[in-house]
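Keep in mind that this is a model prediction, so the values were computed, not measured. All ligand and atom numbering here is 1-based and tracks the order in the structure.
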Amino acid sequence: MSGGTRVLVLNAGSSSVKYQLIDMLDGTRAAAGLVERIGERGGRLAHTPPDGGRREVLADFPDHTAALSSMAAQLELDGMGLDSPELAAVGHRVVHGGQRFTEPTLVTDEVLDHIRLLIPVAPLHNPANIAGIEVARRLRPDLPQVAVFDTAFHATLPEPAARYAIDRRTADAYRVRRYGFHGTSHQYVSRETARLLGRDPAEVNVIVLHLGNGASASAVAGGVCVETSMGLTPLEGLVMGTRSGDADPGLVFHLHRVGGLTIDEIDDLLNRRSGLLGLCGDNDMREVLRRSEEGDEEARLAFDAYVHRLRKYIGAYYAVLGRVDAIVFTAGVGENAAPVREAACAGLQALGIELDPELNEVRSGEARVVSRAYSRVTVAVVPTDEELEIARQSFALVRGA
Ligand code: ADP
């Protein structure tokens with residue numbers, strides 16, 4: 001086993017790879033970067049070296065091998081190449097772990113085969129994650145590669161929450177169940193919230209609202225996830241940037257039979273042309289807020305629909321948990337959009353939720369409480385850090401901790 005203290009975290013998407021080299025002694029970033037437009041013309045790699053500057057490579061990256069080789073060359077320039085003895089492991093974000101992978105897992109040929117088997121349930125994500133793993137293994141065959149699954153934290157969902165109420169045999173034959181996503185973020189944020197409250201995670205019940213481009217809510221009871229809003233795919237649940245979230249499955253038949261749309265067109269509609277974008281033409285919450293402040297009615301409706309769904313989930317998860325100690329906002333919208341937090345918590349005093357309007361307006365990158373001191377339920381903003389969580393879990397696994 002390597003005696004290194006650094007973990008390289010890879011988050012490989014279909015046309016991009018994000019990477020961070022994290023020093024586990026203090027959690028700092030030794031380097032970070034992003035490769036974009038893989039497989040297209042006009043690719044770009046943006047690298048942040050340890051001194052905080054920035055380097056850019058403009059080139060075509062025909063595939064993930066080219067992208068990761070270029071990343072490796074950048075790390076090499078910083079004296080932290082993939083052959084560095086400092087490197088303890090590579091931690092890979094893998095979106096779908098199915099029912100089998102409920103823990104961070106050391107990658108073997110057999111594990112990789114099983115991740116491949118899950119491609120039908122994550123056709124957009126798992127192939128890219130696999131490509132990242134394969135290339136990293138080729139570049140450094142002796143180094144432990146750890147897969148950390150977006151679904152893993154939700155593996156504890158009780159059966160009544162994980163099952164769709166459809167014919168059991170059909171569901172089981174096609175592995176149809178509620179898996180949930182963003183798990184690494186929900187896990188990290190729920191634990192950091194307990195820390196912010198100065199309490200043991202095993203003692204606190206938390207509703208986590210991860211509001212980024214994709215958005216999901218989860219109910220975490222004593223550190224264990226008992227409900228989450230995404231399901232078989234990341235389409236279920238909250239209104240998102242471009243995804244509809246919850247919708248009557250009957251609308252698929254309607255659009256197909258009456259509207260003549262193909263299944264692929266409906267897939268595209270619900271995943272890429274719905275949510276805030278579908279309602280008002282903008283998927284970025286900053287734009288939605290700016291326009292609605294100027295009195296734009298479509299933007300206002302998009303904001304109101306977004307918040308309405310959020311409030312339904314807060315209410316539902318309150319009932320699921322019975323007792324709520326904290327509601328926590330995270331990711332791009334959750335961390336930055338004070339009006340979303342304000343509207344989501346408005347009028348919920350009867351549930352013990354009392355936002356402090358002044359604290360809520362404070363801009364900060366730190367974990368912080370934004371509710372009044374006497375609020376029975378603490379409302380908090382906790383910045384998520386999926387890469388750090390992946391690095392921690394990978395490091396713990398290779399260290400046998
Ligand atoms: P991803 O899901 O891609 O990781 P992020 O968590 O980075 O997304 O969130 C991105 C979204 O956060 C943007 O689309 C934007 O809507 C929102 N966002 C970022 N900054 C702000 C801000 N200051 N105010 C409102 N929304 C913001």
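In summary, the atoms of ligand 1 found under 4.0 Å from a heavy atom of A337, numbered by their order in the structure, are 25 (C). Residue-ligand proximity, V333 to ligand 1, at heavy-atom distances under 4.0 Å covers atoms 12 (O), 16 (O), 17 (C). Close contacts between ligand 1 and A331 involve ligand atoms 6 (O) [criterion: under 4.0 Å to a heavy atom].
For ligand 1, one of its N or O atoms has an N or O atom of D284 under 3.5 Å away. Looking at ligand 1, you'll find an N or O of M285 within less than 3.5 Å of one of its N or O atoms. Considering both main-chain and side-chain atoms, L211 never comes within under 3.5 Å of ligand 1 through any nitrogen or oxygen pair.
Checked against side-chain hydrogen bond (donor to acceptor under 3.5 Å, both in side chains), T65 has the following partners two or more places apart in sequence or in another chain: R138.
With respect to the salt-bridge test (charged N to carboxylate O, under 4.0 angstrom), the residues E159 and R178 do not qualify. Electrostatic pairing of D78 and R55 counts as a salt bridge here, judged by a charged N lying under 4.0 Å from a carboxylate O. A salt bridge links R300 and D304; the closest N-O separation between the charged side-chain nitrogens and carboxylate oxygens is under 4.0 Å. Remark: R392 does not engage D385 in a salt bridge, criterion side-chain N to carboxylate O under 4.0 Å. Between D325 and R199 there is a salt bridge, since at least one side-chain N of the basic residue sits less than 4.0 Å from a carboxylate O of the acidic one.
Protein heavy atom closest to atom 4 (O) of ligand 1, with residue, atom name and distance, is K18 NZ, 4.9 Å. Protein heavy atom closest to atom 1 (P) of ligand 1, with residue, atom name and distance, is N213 N, 3.8 Å. The protein non-hydrogen atom at the shortest distance from atom 6 (O) of ligand 1 is G332 N, 2.9 Å.
Note that atom 24 (N) of ligand 1 has protein non-hydrogen atoms nearby, at separations under 4.0 angstrom.
Between H182 and H210, the ring planes are parallel. Angles under 30° get that label, and only those over 60° would be called perpendicular. The aromatic rings of H114 and F101 lie perpendicular to each other, with more than 60° between the two planes, well past the 30° mark.
The shortest heavy-atom distance from G214 to ligand 1 is under 4.0 Å. Distances from ligand 1 to the non-hydrogen atoms of R363 include at least one value under 4.0 Å.
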